[in-house]
Amino acid sequence: MALLRYIGRRLLFVLPQLFGIVAVSFFLLKMIPGDPALLMLGPLASQEAIDEIRSVMGLDKSLIEQFIIYLERVLSGDLGTSWQTTKPVMEDLLKRFPATMELVTLSLLFALIIGIPIGILASLLKKSIINKFSTYYGLLAGSLPDFWLGLIFIFVFYTILGWAAAPMGRLDLGILPPTVVSGSYFIDSLIAGDWETFGNVVAHLTLPVLTLGLINAGPIIKMTQSTMDRLLESDHIRYARSCGLGEFQIVRRAFRNSLPSVLTIVSVLYSFLIGGAVLVEIVFSWGGAGQYALSGVLNADINPVMGFVVWSAILCLVLYLIVDLLYFAIDPRLRD
Amino acid sequence: MNTEISLSLNNLTVDYPGYKGSGTTAVKDVSFSISKGKVLGLVGESGAGKTSIARAITRQLVEPGEITGGEIFFEDKDIVTMSQKDLKSYLGSQISLIVPNPKSELDPLLTIGRQLGDVVRTHLKLSKSETKQAVLDVLEAVQIPDHNSRFSAYPHELSGGMAQRVIIAMSLICNPKFVISDDATSGLDVTVQREIMKLMQKIIKEKNLSVLFITRDIGLAAHFCDHLGLLFRGQIVELAPINEFFKNPIHPYSLALLSAFSHSAKWRKVYSTDPEKWSKEFFKDGNVPNSLIEVDEGHLVRMEK
Ligand SMILES: Nc1ncnc2c1ncn2[C@@H]1O[C@H](COP(=O)(O)OP(=O)(O)O)[C@@H](O)[C@H]1O
Ligand SMILES: [Mg+2]
């Protein structure tokens, strides 16, 4: 019951939060110099044509009016049109966000799969090679730019060795995307039971997931290791030891207690990567949401950018809600 | 080795090395033995080295503490040199530890029943239902009211007194032979403290346990112990059977402590310390001498010969 009350209270804040995010980004974007009408029509356009486009786009109204109009449209589910793709932004994003989420989710899963065991072992075996490895890994992963690593991988595994699929999007050109259920090709091709497509999806995912996963495993290792270090020295773990519990039990208890910290770092990485994977998306021509927003920014195409902001905000709020529910599940102290 | 001895310490020394050699010797050449079914009270002020002794016996010293000398015999095995595996099989089953601050010693994420059950299943080969029964039995034995529902309670849902009972349950659940109680009641209200002490006294008698009872309160030890050792800066300064200790205390530190804990002026006078006695036969340049003299049978005092 405490849980339901908590969720209710959280949802109460979602709308004001969203409003705040939309308002701030709207006005910030409007402050960027550049006239979309001019960009659309080119330098040779006549003043009349420009004025007409401006009034069609509502650019001749005051900022506040423009904002209110925008809000009304967002509330009815209309994120406007991108003048670059000439399609509704909503339609574009419904294609592109699944691509990004698929990439980010799998990358973080991969990062967790390698990060957690290394972090635990590095903490348990203080004088071992793996402890040193984890130290250098953290330094390296923290200092390498992810897109650079992606380029190296492409060079080695695609150009030289020819093992990897071409860094040109999510599927080979000749292969049709699976029927849309979730928008993630990985999931949808599994649902369709189409193994050929699935294989191709995995082949295309491998290098970008490796890139983002290896880079983001750095902070996960660090967090796991330092939290485990602290817990293995904690009173209740020492007490458990003095009750004669086996090493496996001890590690399990310590790890369970370090889960909230690991969860925190994962949620931070996740929300960052929704937009922050953009350089890797570009390197692999992923066609994700970050790439879409960036090209909006570069071309004064405000609707894609705003649409991206609204979507990311909603996704982050959902993410944080899920994370909070997980904290609840882990720690009984929060349930009262 | 005397089969009547449960646990004995021979010249136990514990160091906490510091940087560049500047360390602390928290426990220095401590020797005593505890017979089966007997309770030895170990009294000393805060920082005297009591917890270090308790943790040395379980080999769970806090970093950077280490045992740098001496032996700890449990029955006829030396704990200091035994393998990690042997040690694990003793801890929690034959030798158990009651700790202060019970609320930080229990895992906050697991239920009481689960934590007790884990200890049982580590040491005894019991089925799931037998384990649960054993846990319920021990919760009842430590007089936890409503023990069926407390089984699934989490540590934060317990009061300090209840948590202390759970710790006592944890120490008893595998029927150990030897129990160390380290300042078990220091964090509790006086009334709760009294209840816990009554409970411990009852259980010790019923189960004929051998106990190392560590406390800062010499009054508490008086009601409880068969022998009493006084610890001062990591060294035993006086060790005697309980009656002998109160009748004929010799070391000025013992006298000072007794007078500080005496409630009536009359007793304070009896135990009053003659400044003359804080003399060089007991203290050399502020330190105690190295020799322990047996002044009477079983009554040892640290003083110059
Ligand atoms: N973790 C530690 N690091 C360094 N020194 C310590 C540590 N724990 C205890 N000591 C030293 O050992 C002495 C005895 O401490 P302790 O055994 O806890 O005493 P008591 O339980 O009697 O209060 C302390 O005065 C302190 O100097
Ligand atoms: Mg202590």
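Every chain is numbered from 1 and lettered A, B, ... according to where its sequence line falls, protein lines coming before strand lines. Because only heavy atoms are used, hydrogens play no part in the values below, and waters and symmetry mates are left out as well, while side chains stay in.
- Only the side chain of B:Arg55 comes within contact range of chain A, with at least one heavy atom under 4.5 Å from a heavy atom of that chain.
- The parts of A:Ile330 that come within reach of chain B are both its backbone and its side chain, each placing non-hydrogen atoms under 4.5 angstrom from that chain.
- Chosen from B:Leu109, B:Thr58, B:Thr111, B:Val62, the residue pairing most often with chain A at heavy-atom distances under 4.5 Å is B:Leu109.
- A salt bridge links B:Asp183 with B:Arg216: at least one charged nitrogen is closer than 4.0 Å to a carboxylate oxygen.
- Between chain A and the options B:Leu87, B:Asn101, B:Leu106, B:Ile95, the largest number of non-hydrogen pairs under 4.5 Å is found for B:Leu106.
- Because its NZ or CZ atom is not both nearer than 6.0 Å to the ring centre of B:Tyr90 and within 45° of the ring axis, B:Lys77 does not count as a cation-pi partner of that residue.
- Of the charged side-chain nitrogens involved, at least one lies within less than 4.0 Å of a carboxylate oxygen, so that A:Glu247 and B:Lys88 count as a salt-bridged pair.
- Heavy atoms closer than 4.5 Å to chain A are found nowhere in B:Ser96, neither backbone nor side chain.
- The closest donor-acceptor contact from the side chain of B:Asp86 to the backbone of B:Met82 lies at 3.5 Å or more, if one exists at all.
- In this structure, A:Phe198 has its ring center at least 6.0 angstrom away from the ring center of A:Tyr185.
- Using a cutoff of 4.0 Å between basic side-chain nitrogens and carboxylate oxygens, B:Glu75 and B:Lys177 are scored as salt-bridged.
- B:Leu110 touches chain A through its side chain: at least one heavy atom from C-beta onward sits under 4.5 Å away, while N, CA, C and O do not.
- When each of B:Arg59, B:His123, B:Gln60 is checked for heavy-atom pairs under 4.5 Å with chain A, B:Gln60 comes out on top.
- Neither the backbone nor the side chain of B:Gln84 comes within less than 4.5 Å of any heavy atom in chain A.
- Classification of A:Lys126 and A:Asp229 as a salt-bridged pair holds, one side-chain N sitting under 4.0 Å from a carboxylate O.
- Here B:Asp107 is the residue among B:Asp107, B:Val119, B:Leu97 with the most heavy-atom pairs under 4.5 Å with chain A.
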